[in-house]
Engineer: 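Have a look at this one before I ask anything.
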Amino acid sequence: MRRVLKQRAERRQLMAVETEVLEELHRLRARVPGLTGALAATSDGLVLAQDAAPVEAEPVAALTAAALGVGQRLTEATARGAFRELLVQGEEGCVATYAAGATAVLTVLAGPDTSVGRLHLEARRASAHIGDLVDRALARPDHARS
């Protein structure tokens, strides 16, 4: 029961930063030509905000959580330190996932002509900002529990 109450409190805290996270996703898409979508989620797959019209956010967030788990295990098994990012290239573009603070991830979708260097530069900045927002929201006491 305590775990359920804790999860509900965390969701309320995360909803408080949804607008700011969404604004960061919009800014990211404006800065990177060819970016077709972006979403921020918790590391367990809960969508925080999305700007990813061509895809359904929930399945992508769930797949991101699974890929994050594999990425974390892979970096640990190969002694590469903490997970930072994952890039998957396909014929029609790429999907990139970046750690965003202690408990969130940023996933971006890019077309085939997108500069991967520019994508990394801007998405790393955005993920750091989103991570700060989420981490601060979760660090705040939940006054509703009083």
Side-chain angles (χ1 to χ4, degrees), residues 1-78 80-114 116 118-140 142 144-145:
M1 179 69 163
R2 283 181 172 220
R3 183 176 178 197
V4 171
L5 290 175
K6 183 180 180 199
Q7 288 173 337
R8 286 182 185 162
E10 286 177 352
R11 284 196 177 133
R12 280 193 302 273
Q13 290 165 304
L14 291 171
M15 288 184 342
V17 296
E18 179 181 3
T19 301
E20 291 174 276
V21 172
L22 183 59
E23 288 171 359
E24 183 62 30
L25 297 180
H26 290 313
R27 285 190 295 270
L28 175 62
R29 286 196 62 190
R31 290 190 310 259
V32 181
L35 206 62
T36 60
L39 70 89
T42 62
S43 56
D44 60 357
L46 174 70
V47 176
L48 299 172
Q50 65 172 332
D51 185 9
V55 298
E56 291 184 44
E58 287 78 13
V60 172
L63 287 168
T64 295
L68 176 64
V70 171
Q72 287 172 330
R73 286 192 295 274
L74 185 59
T75 57
E76 289 170 9
T78 57
R80 299 295 171 230
F83 172 84
R84 288 183 32 198
E85 59 196 49
L86 172 69
L87 177 70
V88 178
Q89 294 244 217
E91 292 176 352
E92 300 300 320
C94 67
V95 179
T97 297
Y98 302 85
T103 60
V105 293
L106 168 67
T107 296
V108 295
L109 311 172
D113 296 328
T114 302
V116 175
R118 177 75 183 263
L119 173 68
H120 283 323
L121 176 71
E122 298 295 346
R124 287 171 183 156
R125 289 178 183 164
S127 67
H129 185 231
I130 290 167
D132 287 343
L133 292 169
V134 171
D135 290 348
R136 278 192 313 226
L138 291 175
R140 281 183 243 157
D142 182 18
R145 285 187 287 179

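Numbers here are sequence positions counted from 1. Since the model is a prediction, treat every value here as computed from it, not as a measurement.
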Engineer: With a 4.5 Å limit on heavy-atom distance, are the side chains of Val116 and Gln89 in contact?
Structural biologist: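 They are in contact (side-chain heavy atoms under 4.5 Å apart), so the answer is yes.
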Engineer: I need the Glu24 CD to Asp132 CG distance, nearest 0.5 Å.
Structural biologist: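 One finds 10.0 Å between CD of Glu24 and CG of Asp132.
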Engineer: Between Leu87 and His120, what is the shortest heavy-atom contact and its length?
Structural biologist: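 Smallest heavy-atom distance, with atoms named: CD2-NE2, 4.3 Å.
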Engineer: Around atom CD of Glu56, are there more than 12 heavy atoms of other residues, nucleotides or ligands at under 6.0 Å?
Structural biologist: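 Check fails, neighbour count at 12 or below.
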Engineer: Mind listing the closest non-hydrogen atom pair of Ala110 and Leu35 along with its distance?
Structural biologist: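 For Ala110 versus Leu35, the nearest heavy atoms are CB-CD1, 4.1 Å.
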Engineer: Could you tell me whether a side-chain N or O of Thr36 sits under 3.5 Å from a main-chain N or O of Leu109, the two making a donor and an acceptor?
Structural biologist: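 Present.
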Engineer: Testing the 3.5 Å rule here: is there a donor-acceptor pair between the side chains of Thr107 and Thr97?
Structural biologist: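 Result is yes, a qualifying pair exists.
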Engineer: So, does Thr75 use its side chain to make a donor-acceptor pair with the main chain of Gly81 at under 3.5 Å?
Structural biologist: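 Pair found, side chain donor or acceptor close to backbone of Gly81.
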Engineer: Please find the pair of heavy atoms, one from Tyr98 and one from Phe83, that lie closest to each other, and give the distance.
Structural biologist: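 Shortest heavy-atom separation between Tyr98 and Phe83 comes out as C-CE2, 4.5 Å.
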Engineer: Determine whether Leu25 and Ile130 satisfy the following criterion, side chain to side chain contact (heavy atoms under 4.5 Å, CB included), listing intermediate values before the conclusion.
Structural biologist: CA-CA 9 Å; Leu25 297 180; Ile130 290 167; 3.9 Å; yes
Engineer: Would you name the heavy atoms of Val47 and Ala61 that are closest together and state the gap between them?
Structural biologist: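 Of all heavy-atom pairs spanning Val47 and Ala61, the closest is CG2-CB, 3.6 Å.
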Engineer: Between Arg27 and Glu20, is there a side-chain N and carboxylate O pair less than 4.0 Å apart?
Structural biologist: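 Not counted as a salt bridge, because no side-chain N and carboxylate O are separated by less than 4.0 Å.
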Engineer: Could you check whether any side-chain N or O of Arg118 sits under 3.5 Å from a backbone N or O of Arg31, counting only pairs where one atom can act as donor and the other as acceptor?
Structural biologist: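 Yes, because the side chain of Arg118 sits within donor-acceptor range (under 3.5 Å) of the backbone of Arg31.
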Engineer: For a quick test of reading the model, state the closest non-hydrogen atom pair linking Leu86 to Ala67 and the distance between them.
Structural biologist: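 For Leu86 versus Ala67, the nearest heavy atoms are CD2-CB, 3.7 Å.
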Engineer: What's the spacing between Arg84 CZ and Gln72 CD if we round to 0.5 Å?
Structural biologist: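 Rounded to the nearest 0.5 Å, the CZ-CD separation comes out at 14.0 Å.
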Engineer: Evaluate the side chain to side chain contact (heavy atoms under 4.5 Å, CB included) criterion for residues Glu122 and Leu119: first the C-alpha distance (whole Å), next the side-chain angles of each, then the deciding distance (0.1 Å), finally the verdict.
Structural biologist: CA-CA 5 Å; Glu122 298 295 346; Leu119 173 68; over 6 Å; no
Engineer: Is the backbone N or O of Gly34 less than 3.5 Å from a side-chain atom of Asp113, with the two atoms forming a donor-acceptor pair by type?
Structural biologist: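 Side chain of Asp113 to backbone of Gly34, a donor-acceptor pair under 3.5 Å: no, none is there.
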Engineer: Identify the two heavy atoms, one from Leu22 and one from Ala49, that lie closest to each other, and give their separation to 0.1 Å.
Structural biologist: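 Taking every non-hydrogen atom into account, N-CB, 3.8 Å.
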Engineer: Apply side chain to side chain contact (heavy atoms under 4.5 Å, CB included) to the pair Leu28 and Asp51, showing each step before the final yes or no.
Structural biologist: CA-CA 10 Å; Leu28 175 62; Asp51 185 9; over 6 Å; no
